[in-house]
Amino acid sequence: MQEVARQLGVTHRALRFYEDKGLIEPERVGSMRIYSRRDVGRMQLILRGKRLGFSLREIQEFLDLYDADPEHVEQMIRLAGRVRERLLDLEKQQVALEETIRELRQIEHDAMARVKTARGR
DNA sequence: TTTCTGACA
DNA sequence: TGTCAGAA
């Protein structure tokens, strides 16, 4: 099992966490977990979703649809919607970041100006 | 609150 | 392995 975790670049604890959340459901042999190719595939989708900033909850909805809708039509519609929301969110953050950067630059500028004044230059 | 991690049995 | 406490 540490093999699957290492291969995916996550800890076994994270795999357990995703299982608890219902994102993956590895087969059990006794108390041991068997991760199928399907589980590994789902994990890769989960990791990708995480990289793109989606919550596990959103990722779970997406995975559920993947199972429920063989044509993936509804899934793609929902996905496109989520992606749009995510983009809007990131764009807002971008604006906020730019504002923060401008403010910090101004503070730096003012601070240096005072130093020069204090030194009598 | 969400997403984990560490530790203990 | 399961579970609880806690970090970020």
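A, B, ... follow the sequence lines: proteins, then strands. Residue 1 opens every chain.
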Visitor: Sequence neighbours excluded, which residues qualify as side-chain contact (heavy atoms from CB on, under 4.5 Å) partners of A/Ile59?
Guide: A/Leu23, A/Ile46, A/Lys50, A/Phe54, A/Leu56, A/Leu63
Visitor: In whole angstrom, what separates A/Glu58's CD from B/dT2's P?
Guide: 12 Å
Visitor: Phosphate oxygens OP1/OP2 of B/dT3: is one of them under 4.0 Å from a side-chain N or O of A/Tyr18?
Guide: no
Visitor: When the distance from NE2 of A/His12 to C1' of B/dT5 is rounded to whole Å, what number comes out?
Guide: 9 Å
Visitor: Starting at atom CD of A/Glu19, determine the distance to atom C1' of B/dC4, rounded to an integer number of angstrom.
Guide: 15 Å
Visitor: Check DNA chain B against residues 43-57 of chain A and give the residues with a non-hydrogen atom under 4.0 Å, in numerical order.
Guide: A/Lys50, A/Ser55, A/Leu56
Visitor: Taking only N and O in the side chain of A/Arg16, is any of them less than 4.0 Å away from OP1 or OP2 of B/dT3?
Guide: no
Visitor: Do the side-chain N or O atoms of A/Arg33 get closer than 4.0 angstrom to the phosphate oxygens (OP1, OP2) of C/dG2?
Guide: yes
Visitor: Other than A/Ile34, which residues form its hydrophobic cluster under the rule that side-chain heavy atoms must be closer than 4.5 Å?
Guide: A/Val29, A/Met32
Visitor: Checking A/Arg84 now: which residues fulfil side-chain contact (heavy atoms from CB on, under 4.5 Å) with it, not counting sequence neighbours?
Guide: A/Ala80
Visitor: Can you measure A/Ile34 atom CD1 to C/dT1 atom C1' for me and round it to whole angstrom units?
Guide: 14 Å
Visitor: Between A/Asp20 (CG) and C/dC4 (P), how many Å, whole number?
Guide: 11 Å
Visitor: Does atom CZ (A/Arg48) have a neighbourhood of more than 12 heavy atoms from anything else shown, all under 6.0 Å?
Guide: no
Visitor: Apply side-chain contact (heavy atoms from CB on, under 4.5 Å) to A/Glu108 and list each qualifying residue two or more places apart in sequence or on a separate chain.
Guide: none
Visitor: Specify the separation, in whole Å, of atom NZ of A/Lys21 and atom C1' of B/dT1.
Guide: 10 Å
Visitor: Hydrophobic clusters join Ile, Leu, Val, Met, Phe, Trp and Tyr when side-chain heavy atoms are under 4.5 Å apart, directly or via other members; which others share one with A/Ile77?
Guide: A/Val73
